[in-house]
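Okay, so here's the structure we're looking at.
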Amino acid sequence: MGVHEERWPNCALFQLLRILISHFSHSNLRIAPAVDRFLQPLIVTPSFHRVHHSSDESLTNSNYGTIVPWFDHLFGTARQPGSGAGIPLGLNYLSAKRDTQIRRVLLLPFLWRLWKVGDK
């Protein structure tokens, strides 16, 4: 069970890259447009992934990639409205101050559908 001894460096490198790119794509960095255009075919950039966190549900259901954007393009889930800057973020049905209470956050995985329908 586990990774063969000769393969663990490859697995460790993959995990390191995955973590670094995931942190990078979730950062609030504004990258120069030319650099962003260069990087976007290779890795998920902050401007590409920011769209996924939009409060607009048609955009939320897009840009799922965590390392590379290739699968989003392949399966038609890639959206790129500009730089992603200025897009309102978050979930509209979880925007009240009470939604940040620890009790509600812990119950969210079990009750989000009820709250989305209208527990406001």
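Counting from 1, the numbers follow the sequence of the chain as shown. Side-chain atoms are counted along with the backbone in the values below, which use heavy atoms only and exclude waters and symmetry mates.
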Item to check | In one Ile/Leu/Val/Met/Phe/Trp/Tyr side-chain cluster, 4.5 Å: Phe38, Phe24 | outcome: yes
Checklist entry - Arg50 and His26: side-chain contact (heavy atoms from CB on, under 4.5 Å), yes or no, with the steps? => result CA-CA 7 Å; Arg50 188 175 298 119; His26 282 93; over 6 Å; no
Checklist entry - Do the side chain of Trp70 and the main chain of Gly65 share a donor and acceptor less than 3.5 angstrom apart? => result no
Checklist entry - Can you check side chain to side chain donor-acceptor pair (under 3.5 Å) on Asp56 and Ser54, steps first, answer last? => result CA-CA 5 Å; Asp56 179 348; Ser54 168; 5.2 Å; no
Next on the checklist: How long is the straight-line distance from CZ of Arg79 back to CG of Leu59, given to the nearest 0.5 Å?
Outcome noted: 8.0 Å
Checklist entry - Do Cys11 and Gln15 come within less than 4.5 Å of each other through their side chains, counting heavy atoms only? => result no
Next on the checklist: As a quick check of understanding, evaluate side-chain contact (heavy atoms from CB on, under 4.5 Å) for Leu106 and Phe110, giving each step before the final call.
Outcome noted: CA-CA 9 Å; Leu106 292 173; Phe110 307 102; over 6 Å; no
Checklist entry - Taking a hydrophobic cluster as the set of Ile, Leu, Val, Met, Phe, Trp and Tyr residues connected by side-chain heavy atoms closer than 4.5 Å, whether directly or through intermediates, do Phe14 and Ile21 fall within one such cluster? => result yes
Next on the checklist: Tell me whether Ile19 shares a hydrophobic cluster with Val44, the cluster being built from Ile, Leu, Val, Met, Phe, Trp, Tyr side chains joined at under 4.5 Å.
Outcome noted: no
Checklist entry - Distance-only, no hydrogens or angles: does the Asn61 side chain make a donor-acceptor pair with backbone N or O of Ser58 under 3.5 Å? => result no
Next on the checklist: Let me confirm one number: the CG-CZ distance from Asn63 to Phe71, rounded to the nearest 0.5 Å.
Outcome noted: 14.5 Å
Item to check | Candidate pair Arg98 and Gln101, rule side chain to side chain donor-acceptor pair (under 3.5 Å), full reasoning | outcome: CA-CA 5 Å; Arg98 70 179 183 174; Gln101 296 170 348; over 6 Å; no
Next on the checklist: Minimum heavy-atom separation for Leu29 and Pro46, please, with both atom names.
Outcome noted: O-CB, 3.8 Å
Next on the checklist: If you compare all heavy atoms of Leu39 against all heavy atoms of Thr45, which two are closest, and at what distance to 0.1 Å?
Outcome noted: CB-CG2, 3.7 Å
Next on the checklist: If hydrophobic clusters are built by linking Ile, Leu, Val, Met, Phe, Trp and Tyr wherever their side-chain heavy atoms come under 4.5 Å apart, do Phe48 and Ile67 end up in the same one?
Outcome noted: no
Next on the checklist: For Ser62 versus His52, what's the shortest heavy-atom pair and its separation?
Outcome noted: O-ND1, 2.8 Å
Checklist entry - Does any N or O in the side chain of Ser55 come within less than 3.5 Å of the main-chain N or O of Pro88, such that one atom is a donor and the other an acceptor? => result yes
Checklist entry - Say you draw a straight line from CZ of Arg30 to CG of Asp36; how long is it, rounded to the nearest 0.5 Å? => result 10.5 Å
Item to check | Joint cluster assignment, Leu13 & Val68, ILVMFWY side-chain distance < 4.5 Å | outcome: no
Next on the checklist: So which atom in Asp72 and which in Thr77 form the shortest heavy-atom distance, rounded to 0.1 Å?
Outcome noted: OD1-OG1, 2.6 Å
Checklist entry - Looking at CD1 of Ile87 and OG1 of Thr60, how far apart are the two atoms once the value is rounded to the nearest 0.5 Å? => result 9.5 Å
Checklist outcome for this item: One should read off an interatomic distance between Ile31 CD1 and Gln40 CD, to the nearest 0.5 angstrom, of 8.5 Å
